[in-house]
Amino acid sequence: MEWWKQTSIYQIYPWSFQDSNGDGIGDLQGILGRLDQIRDLGVETIWFSPFYRSPGEDFGYDISDYTAIDPRFGTMEDCDKLIKEIHKRKMRVVLDMVMNHTSDKHPWFLESKSSKENPKRDFYIWRKGNGKKPNNWISMVGTSGWNYDKTTDEYFYSNFLSFQPDLNYRNPNVKKAMFGVLDFWLKKGVDGFRLDIFNSIYKDESFRDNPSSLRYFPTPDNHDEAFFQKKTYNLNLPESFQFAKEVRKHISKYKQKPFLIGEVSGSDQVLKSFLGEKADGLNLVFQFELIHFDYHAKFFKDLLEKNEKEFQAPFTPTYVLGNHDQRRYIDRLGGDIRKAKVLSAFQFLARGVPIVYYGEEIGRKEGRISNFLGKDPIAKMNRFVPLFLSNLLGIYINRDNCRLPMLWDTVENAGFSKGNPWLPIGKVKDTDTVSDQRKKEDSLWNHYKSLFQLRKGSAVLKEGAVRTKDTNKSDLLCFERVLGANGITVYLNFGEKESSEPIIKGSKVLYKFGGAAVVGDVFQLPPHSGLVLETKLKK
Ligand code: GLC
Ligand code: CA
């Protein structure tokens with residue numbers, strides 16, 4: 001089975017991981033100094049949010065040079081060293097690739113906007129307006145996607161923020177340039193790319209108006225109908241599905257067998273279109289269902305069954321609890337570490353690739369920075385919306401709050417920086433930091449470590465099919481992982497009451513948490529506990 005189907009991914013947001021030079025911003029040297037800690041946790045693949053040269057208006061998702069390192073993070077030598085040191089520790093590297101758009105300070109765009117005759121004009125999407133916007137397309141952030149530029153009296157299109165002009169993939173030279181960028185990094189040995197808003201790559205060739213919709217707010221797993229519009233002509237175009245295959249084919253020739261994981265959204269049908277009917281498109285896509293989990297056994301049972309049906313082998317589901325755009329899941333659990341253990345156990349024991357956002361392993365909490373004071377461009381756009389209102393509506397406006405610095409130690413600034421951190425550290429209790437949690441056997445960090453290790457050492461967990469089991473107890477989730485004659489049975493108690501189940505003869509406890517135990521001839525499962533058992537399967 002291909003390595004990327006079996007891996008686990010850990011996302012690092014470079015701004016917030018570790019500062020090495022006291023300027024308050026995380027950097028590559030800082031990350032280098034923490035690699036042993038990441039390896040100790042058991043991580044197999046590290047995905048880095050962008051550290052390319054960028055004005056930083058969207059904190060790196062606005063790139064002005066795809067083959068240079070931004071000086072705030074370090075140098076190309078640092079980056080080469082980082083790749084080497086990660087590989088030395090038997091881990092892999094995934095870079096974030098923002099193909100959909102560049103920064104408006106990218107030399108391509110500066111040239112493109114300078115005149116209609118410029119050879120780079122057609123690198124971006126330009127349209128005449130005759131005094132009004134070329135069509136009704138709304139961007140993913142809820143504003144018109146069209147931006148007027150007076151130099152040539154035309155509009156350019158941006159499906160995210162206005163300083164992120166969309167590239168025009170109908171121009172073969174754009175494709176060529178972007179494949180060149182991929183080659184640059186693949187030759188350096190990177191093992192894959194996370195493709196930013198890949199659902200947005202192509203736009204309708206004839207610029208038809210989008211139909212209207214009754215829905216206003218998008219959700220993490222559905223942008224296709226939002227802001228009273230069906231995004232028929234500016235998201236999820238068939239050409240984008242086709243392009244997924246082209247990129248896959250292009251990268252496949254590299255010996256490290258790199259992979260692509262796409263940030264796309266929509267129905268399972270849409271996700272499958274990106275993966276390709278013959279599993280020949282993007283290798284993986286983010287599946288965001290867990291972002292808005294409902295902490296009940298039934299929700300997780302349904303999700304397992306759905307993924308087993310819709311994304312059966314050769315497809316591999318992914319399980320995401322958070323990222324740099326979403327509320328941290330620990331806050332959605334009211335800070336309850338017991339529940340965090342159940343949820344993360346589910347994420348690691350299901351069939352698929354678990355994706356962990358830095359800090360989840362210590363239950364790092366969010367900030368409460370108002371939209372008004374936000375550095376995030378989305379917060380700036382909505383600065384007069386009070387935080388309680390956006391929270392009430394369940395929309396995430398100030399993404400600063402999920403990007404606070406990592407908590408390493410109970411020293412100044414939690415060991416993140418000797419200077420003034422770019423975002424506040426927030427409150428740090430003794431048990432919040434990595435170093436404290438490493439010392440405590442029943443900490444969340446050690447639970448994550450056990451999960452990473454358990455999965456790493458088990459072909460059944462990496463490859464085995466999933467069979468859910470009925471327990472007749474609404475709070476108790478039970479499922480089996482099956483590979484040949486080998487099985488692993490998982491019990492997770494989502495309830496406030498203790499549950500007990502008759503023991504399975506001949507089974508062996510592989511892992512337990514939350515006080516779960518074998519007592520006489522029953523498995524005892526206290527509230528929010530879990531048990532993982534090796535079982536021999538009946539024929
Ligand atoms: C993706 C990124 C987000 C960024 C946006 C524009 O959604 O995850 O952080 O702002 O794309 O690149
Ligand atoms: Ca720094």
Side-chain angles (χ1 to χ4, degrees), residues 11-34 47-52 54-64 66 69-75 78 94-104 106 139-143 145 158-167 193-201 218-223 226 235 261-265 285-286 288 291 320 322-326 355 357 374-381 396-403 405-406 413 415-423:
Q11 179 190 359
I12 291 184
Y13 194 70
W15 286 79
S16 299
F17 204 63
Q18 178 67 59
D19 175 23
S20 73
N21 62 352
D23 67 355
I25 298 173
D27 46 52
L28 302 190
Q29 282 296 339
I31 297 168
L32 272 161
R34 294 295 185 187
W47 148 35
F48 292 101
S49 279
F51 45 58
Y52 317 101
S54 158
E57 285 179 89
D58 191 16
F59 299 94
Y61 286 91
D62 50 325
I63 299 171
S64 56
Y66 287 84
I69 304 301
D70 195 275
R72 59 166 81 78
F73 299 121
T75 62
D78 296 334
V94 165
L95 297 189
D96 214 311
M97 195 43 73
V98 187
M99 295 179 117
N100 178 71
H101 51 265
T102 67
S103 155
D104 63 356
H106 194 294
S139 73
M140 291 168 86
V141 296
T143 52
S158 63
N159 229 351
F160 211 74
L161 293 154
S162 56
F163 56 80
Q164 293 162 313
D166 281 29
L167 286 163
F193 299 105
R194 177 258 186 194
L195 302 176
D196 190 70
I197 57 170
F198 197 78
N199 50 339
S200 163
I201 290 281
T219 59
D221 53 3
N222 190 356
H223 275 276
L235 285 184
I261 175 163
E263 187 200 20
V264 297
S265 70
V285 295
F286 290 99
F288 292 125
I291 296 272
V320 184
N323 62 32
H324 62 294
D325 298 327
Q326 305 295 337
I355 304 168
Y357 179 50
K375 294 192 164 141
D376 176 12
I378 308 248
K380 287 185 176 154
M381 245 177 75
Y396 202 56
I397 290 182
N398 187 1
R399 298 175 297 175
D400 294 354
N401 287 317
C402 64
R403 299 171 177 178
M406 184 62 173
N413 292 330
F416 165 68
S417 170
K418 294 216 160 70
N420 191 14
W422 77 287
L423 285 177

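All residue numbers in this chain count up from 1 along the given sequence. This structure is a prediction, so every number in the text was calculated from the model and none was measured. Order of listing sets the numbers, starting from 1, for every ligand and every atom in it.
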A.B. asks: Nearest to the Ca ion (ligand 2), which N, O or S atom of Asp23 do we find?
C.D. replies: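 The Asp23 atom nearest to the Ca ion (ligand 2), restricting to N, O or S, is OD1.
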A.B. asks: Is there an N/O/S atom in Gly30 that lies less than 3.0 Å from the Ca ion (ligand 2)?
C.D. replies: no
A.B. asks: Begin from the C-alpha positions of Thr102 and Leu167 and carry the test side chain to side chain contact (heavy atoms under 4.5 Å, CB included) through to its verdict.
C.D. replies: CA-CA 7 Å; Thr102 67; Leu167 286 163; 3.9 Å; yes
A.B. asks: Is it the case that over 12 heavy atoms from other parts of the model lie below 6.0 angstrom from the NZ atom of Lys375?
C.D. replies: yes
A.B. asks: If you define the side chain from C-beta out and look only at heavy atoms, does anything of Asp27 sit under 4.5 Å from Asp19?
C.D. replies: yes
A.B. asks: Please confirm whether Arg403 comes under 4.0 Å of ligand 1, counting heavy atoms of the residue only.
C.D. replies: yes
A.B. asks: The Ca ion (ligand 2) and Gln29: any N/O/S contact shorter than 3.0 Å?
C.D. replies: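 It does not: Gln29 brings no N, O or S atom closer than 3.0 Å to the Ca ion (ligand 2).
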A.B. asks: Do the ring planes of Phe73 and Trp15 sit parallel (below 30°), tilted (30 to 60°) or perpendicular (above 60°)?
C.D. replies: perpendicular
A.B. asks: Hey, which atoms in ligand 1 end up nearer than 4.0 Å to a heavy atom of Arg399?
C.D. replies: 3 (C), 4 (C), 9 (O), 10 (O)
A.B. asks: Starting from atom 12 (O) of ligand 1, locate the nearest protein heavy atom and write down its residue, its atom name and how far away it is, to 0.1 Å.
C.D. replies: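 Answer for atom 12 (O) of ligand 1: Asp196 OD2, 2.7 Å.
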A.B. asks: Parallel, tilted or perpendicular: which describes the rings of Trp47 and Phe286, with under 30° parallel and over 60° perpendicular?
C.D. replies: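 The rings of Trp47 and Phe286 sit tilted, inter-plane angle from 30° to 60°.
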A.B. asks: For Asp96 and Tyr61, test the side chains for any donor-to-acceptor distance below 3.5 angstrom and give the result as yes or no.
C.D. replies: yes
A.B. asks: For atom 9 (O) of ligand 1, what's the nearest protein heavy atom and its distance?
C.D. replies: Asp325 OD1, 2.7 Å
A.B. asks: Using a 4.0 Å cutoff against the non-hydrogen atoms of His101, which atoms of ligand 1 qualify?
C.D. replies: 6 (C), 12 (O)
A.B. asks: Any chance the side chains of Thr143 and Ser139 put a donor and an acceptor closer than 3.5 Å?
C.D. replies: yes
A.B. asks: Where does the angle between the aromatic ring planes of His324 and Tyr13 fall among parallel (under 30°), tilted (30 to 60°) and perpendicular (over 60°)?
C.D. replies: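 The arrangement is parallel - the two ring planes meet at less than 30°.
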A.B. asks: To 10°, measure the OD1(Asp19)-the Ca ion (ligand 2)-OD2(Asp27) angle for me.
C.D. replies: 80°
A.B. asks: If you measure from each heavy atom of Arg194 to ligand 1, is any distance below 4.0 Å?
C.D. replies: yes
A.B. asks: Tell me the protein heavy atom at minimum distance from atom 7 (O) of ligand 1, and give that distance in Å.
C.D. replies: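 Protein heavy atom with the smallest distance to atom 7 (O) of ligand 1: Glu263 OE2, 2.9 Å.
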A.B. asks: Starting from atom 4 (C) of ligand 1, find the nearest protein heavy-atom neighbour and note its residue, name and distance.
C.D. replies: Asp58 OD2, 3.4 Å
